[in-house]
Every structure is written in structure tokens, then in C-alpha cells.
Amino acid sequence: MSNPTVMDVRDKHWNIEEWGHQIEALLDNPESQPVFNIDEGDLREYDAIYIGGGASGRFGSAYLRAMGGRQLIIESWPFLGGSCPHNACVPHHLFSDCAAELMLQRTFGGTLWFQPMDGVRTSIKEVVDLFRRGRNGPHAIMNYQSKEQLDLEYILNANGTIIDAHTVEVAGRRFRAKNLIIATGARPQLLDIPGMGLKGVYTNVSLVETLDYEPSDTVVVIGGSKTAVEYGCFFNATGRRTIMVVRSQPLKLVPDLETRSYVLDRMKEQGMEFWEGADLQSIESGSDGKVSAVVIRTPHGLERVSTNFVFMGLGEIPNSEMAAQALGVKIGPKNEIVVNSRMQTSVPNVYAVGDLIGAPMEMFKARKSGVYAARNVMGIDTEYEPKDFPDFLHTHYEVSWLGLGEAEAREKYKNVVIIKMPPDNPNGLNVGLPASDRTMLYAMAKPHMSGFQKLVIDGDSRRIVGAHHVGYGGKDAFQYLNVLVKNGLTIDQLGEMDELFLNPTHFIQLSRLRAGHEHLVGL
């Protein structure tokens, strides 16, 4: 293919560093060319075109290619991997690392080797700038790996337009496939209120793309679920007054009430303010055209708060409009494309995957749904429904859970047994347990900050039905623990496992203390 309007990279074999430079140049130039990596010598019809090269498009393509199929990814960004490394999960992990580190610094400031932190406000912008400088590394790896190791065909830096259920137009060319797999992702949800367009109103996307000043002493966060809380904890840890405006109750997604209470109490202890039953009414502009204040309706009336920084953490809306207009696929109540358990839409030969099909908008679901769509395209009848998965969020801590909370379990089972740390203590949370990864200083000096853990057991079958952890280092264990729980893990089997020193969840040794009892009792 000889076309001066596109960058043909099929015969180029850039290393990761060279890909990094190319991506930077493409991002810096709004008029840059589409990037074509097409095997023009392969005359087979495409088995599937993935519209979107994020987690679902890339992993699905790799699986389809591994099964001997031919695929094509069309992606508007000049890199593969989607929003996770660019403006979603990777920056929030960075900010959460900062929040945990800053909580440690503030808790022990002026003692041991820690410098005093009273009245110290650290920079938000410097951390955002740090992320922006480093994010092209993962992009470069994925472009390199997808081309040189996975042998994927792709077109980057160009928008694809759906023509029909077998045809996509991109960069002046039309490509046909037996199937379309739509993976166009989601976008942050915004409120329709006065002042939303002012400088100083941010989402997780616009924060890392456009922040060019240092937020004031007060920040206002709208929302009470994952995105809002994770970013709110970072803002709070930098030393700013952080007001969380929550329409109902915060962190309703955490199923165990005792675990949720521990998490919220620790956030409040760090100074976070939760305005429950509240709504943002309007955003006011200052003389410089930036945000100067917000008006919030609370159960006690209207409150005006001066600020130059408002963060929208209200979740995401699937980008389903093009598919709905071009193909007439069925759309659900939250703008998601409706699919069956094979990732098929209401239109034959059209699949949808990832955030586009609604909650949970998680990386594991994006990757798996892209792969399961590929299997079905290649004739392997496979079903996938993202349910009963372990979940996780960041506050100043890492919070992990799977299965049922205690109240849910008591509604379902007659004999519920609870094992937890710290144990119930009429004098309050003053026992330095659990003590494990990154919590030993807390356990010695601030024991009520050393975490919380709970195991929920059906005492009759002895099966584990729920597990909950607040601390550090436990989240990786939960993805494996979840598989065991689904397969009927009992307290006796858990107690037979081997733990490494003070394993982050402590569940193994605690189970061992009770596993010998014929009739289980709590601990």
C-alpha cells in the first residue's frame, strides 16, 4: 500500500522506545496521519473487526488471532490499550499510592523520622504532571507487543464509522468482516446544571489531560462511589478540605455494613466531609471565568462553598450512540448496548463488549468479554456473565471483598459464623490487629488504623460465603480466593493452607483456630 495520507508501519519494526517517540509525536499533532498496520498480502476476509482498541479489543483480537482467525482493530487514539493506562485505572492507582503514603506521613508527622505535616499542603498538579510524563511507556509496550509478538492488524489514530453490520469505513477505506465487535467504551457522566462548562470542573479524564493550576484549599467532589471516593481520598491526603457531595449514601457497593463503617470512619478521621442527601445545584464563575464557588442543596438548605476545583465522580455512560444509529442495536436504560451471554447484540453478527455493555465497568470484564466474543465468532459456543466477582476499591487503604456481607448472609443462612479482626472489644478499636503489610507502624502506635478483616461462614455447611479486607496487600489474594469460594471452600480447607508469615488477610490462621470445632462458633 502506497498512500501518503497514512503512516504505513507494516514493514517497520520499531522497538518500544521508538514507539514511545512516535506516539508522543502523533499526540502532539492534531493533524497527524492514521497509522496502518495491515497485512495486504492476506486475502482472507476478516473474521471480526473490533471497533475500539482498548482492553476488550486488544485481548479479544489476540485470542481470535491465536485461534487462527483474522482480525482488525480500529482505534481513534494512536495507541492500543484504551483508557486504563491513559486516564483511568493507572492514574487512580498512582493517586491512591500517594494517598496511602501521605496518610502515613501525616499520621506520624513529627515523630520517628517523619517530618511535621501540620498545615502542609502538597501539590496535586505535580503528581498529575508526573503521570502525564510517564504514561506513554505502557502505550508503547502495547503497540510494540501487539504488532511484533501478537501479529495483530490494526489502524490507529483514526475514527471508524459503522456502515452496516459487516462494514466499517476508516481513513477513506472500507473494510468488511464476517462480524463486528463494538468496543467503543464509555465516557464520564456529567450533571446538567449551570456552570458545568467552566474551567475548574474536572472528571478523571479531563483532570489528567488539562489541569494547569494548583487547586485551592477546598475541593468539592460529586459522588459517593468508587471514582469519587478514590480521587477524594487523594485530594484529602494532599492537605485540602475535601467535601464529598453524595445524593444518598457513600460506598453502598461495599456489601458488609461493618466493613463499610470502618472504611468511612477512617476517611472521616482524615478530615473528609460527607454531605449525604445532598445535590450540586450550580457552579459559579469568578471574574477570571473559572470556578469560584458551588451551591449545594443539603437536607438543611442551600450551602455556598468557595472553591476553584470541582471533581465529577459520577461514573460513566457507554458510548453506544454510533452503533444505535447505524445498526439499530437494542439499548438499555443506562445507554448500554444490550447483549446476551455470548456478547451478541440484537443485530446478527454484531457483538458488543467492555464498558459499552454496562456495569461492572471493570478491566477484567473488558478483557474477558472481548475474549468471549472472539470465541463465539470462531465457532466456540461460550457464555460469559460478569457476576459473583471479587471487588476492590482504594480509599487511603486498599479495600477488597467477595461474596456476601454479614447481613446478607443472615438473610440466606440460619447459622452464620463470623471470624474477624480486630475482635469485638467493649473499650473500642484499641487492639493492634490485624497487623500485616504496611500496617505495622499503625498497629504499634495507632492500632485502630491497622485495618479490618471479616470472614463470613455458613456454619452448617462450613462453607465460606463472604470475605472482607481493609488494609494493604490483600487484593491479589482475593481473585484466587474467589475461585475457591465459588467451588465450595470450607473453613477446614482454608485452615489447611499455608500462609507466609502474617499473610495480609489472616484468614488462613484464623480459620485454623476454629476449624477443629465440630459445631462452629465465631471468633
Side-chain angles (χ1 to χ4, degrees), residues 87-111 113-135 188 199-246 250-251 263-275 283 290-294 305-313 393-399 438 441-442 446 449 472:
N87 53 35
C89 33
V90 172
H92 105 232
H93 277 275
L94 170 63
F95 301 149
S96 296
D97 277 359
C98 293
E101 177 66 25
L102 284 166
M103 184 178 77
L104 184 68
Q105 295 282 341
R106 294 187 185 281
T107 300
F108 292 98
T111 67
W113 58 86
F114 296 93
Q115 297 299 309
M117 293 291 287
D118 290 344
V120 174
R121 191 181 75 183
T122 61
S123 175
I124 292 174
K125 182 179 180 297
E126 286 182 2
V127 181
V128 171
D129 291 344
L130 176 68
F131 166 72
R132 276 202 293 250
R133 290 195 298 271
R135 67 179 172 181
K199 181 174 182 177
V201 180
Y202 291 94
T203 66
N204 66 292
V205 172
S206 59
L207 175 69
V208 299
E209 299 293 350
T210 64
L211 182 69
D212 60 359
Y213 69 98
E214 200 62 61
S216 61
D217 290 333
T218 298
V219 301
V220 177
V221 178
I222 312 303
S225 198
K226 277 191 181 183
T227 302
V229 166
E230 289 171 340
Y231 281 75
C233 287
F234 168 56
F235 303 147
N236 159 260
T238 66
R240 290 164 172 82
R241 180 190 182 194
T242 302
I243 299 172
M244 308 291 295
V245 180
V246 186
L251 291 185
V263 172
L264 288 171
D265 286 347
R266 299 291 77 74
M267 286 193 284
K268 292 172 184 177
E269 185 176 6
Q270 296 304 306
M272 295 179 68
E273 301 175 34
F274 286 87
W275 292 18
I283 304 171
K290 295 195 300 186
V291 170
S292 63
V294 296
V305 178
S306 295
T307 183
N308 69 358
F309 186 90
V310 180
F311 183 82
M312 293 287 163
L393 69 94
H394 284 109
T395 59
H396 302 85
Y397 297 88
E398 297 169 356
V399 185
R438 295 185 64 188
L441 280 176
Y442 295 122
K446 301 280 186 180
M449 296 178 67
Y472 302 100

Sole residue of R240, R121, R241 in salt bridge (Lys or Arg N to Asp or Glu O under 4.0 Å) with D217: R121
Heavy-atom pair with the smallest gap, counting every atom of F235 and I124: CD2-CD1, 3.7 Å
Donor-acceptor under 3.5 Å (Y397 side chain, M449 main chain): yes
Closest non-hydrogen atom pair between H394 and E398, with its separation: CD2-CG, 4.0 Å
Side chain proximity check, D129 to E126, heavy atoms < 4.5 angstrom: no
Distance under 6.0 Å and angle within 45° of ring axis: K199 vs Y213: no
Geometric class of the F108/Y442 ring pair [parallel <30°, tilted 30-60°, perpendicular >60°]: tilted
N87 side chain vs N204 backbone, donor-acceptor pair below 3.5 Å: no
Heavy-atom side-chain proximity of L393 to L251 below 4.5 angstrom: yes
Flag, side chain of E214 to backbone of K125, donor-acceptor distance under 3.5 Å: yes
V127 versus C98, closest heavy-atom pair with distance: CG1-SG, 3.9 Å
Approximate separation, where rounding is to 0.5 Å, of T210 OG1 and R132 CZ: 7.5 Å
Check against side-chain contact (heavy atoms from CB on, under 4.5 Å), F114 and L441: CA-CA 12 Å; F114 296 93; L441 280 176; 4.0 Å; yes
Shortest non-hydrogen contact between M103 and T107, atoms and distance: O-OG1, 2.7 Å
Straight-line distance of D265 CG to K268 NZ, nearest 0.5 Å: 6.0 Å
Side-chain touch Q115/V120, heavy atoms, less than 4.5 angstrom: no
Shortest non-hydrogen separation from L102 to M117 and the atoms involved: CD2-CE, 4.2 Å
Charged N-O contact under 4.0 Å between R106 and E269: no
Contact check, side chains of W275 and I243, non-hydrogen atoms, under 4.5 Å: yes
Between OG1 on residue T242 and CZ on residue F311, distance to nearest 0.5 Å: 11.5 Å
From K290 atom NZ to F309 atom CZ, the distance as rounded to the nearest 0.5 Å: 12.0 Å
Check: E101 and D97 side chains under 4.5 Å, non-hydrogen atoms: no
Heavy-atom closest contact (A237 atom, A99 atom, distance): CB-CA, 3.7 Å
From W113 atom CH2 to Q105 atom CD, the distance as rounded to the nearest 0.5 Å: 9.5 Å
Heavy-atom side-chain contact between E230 and F95 under 4.5 Å: no
Euclidean distance, L104 CG relative to K446 NZ, rounded to 0.5 Å: 12.0 Å
side-chain contact (heavy atoms from CB on, under 4.5 Å) evaluation trace for V229 with M267: CA-CA 9 Å; V229 166; M267 286 193 284; 3.7 Å; yes
Atom CG of D212 with >12 non-hydrogen neighbours under 6.0 angstrom: yes
Name of the residue among N308, V291, V294 meeting side chain to side chain contact (heavy atoms under 4.5 Å, CB included) with V220: V294
Name of the residue among V219, V310, T218, V245 meeting side chain to side chain contact (heavy atoms under 4.5 Å, CB included) with V305: T218
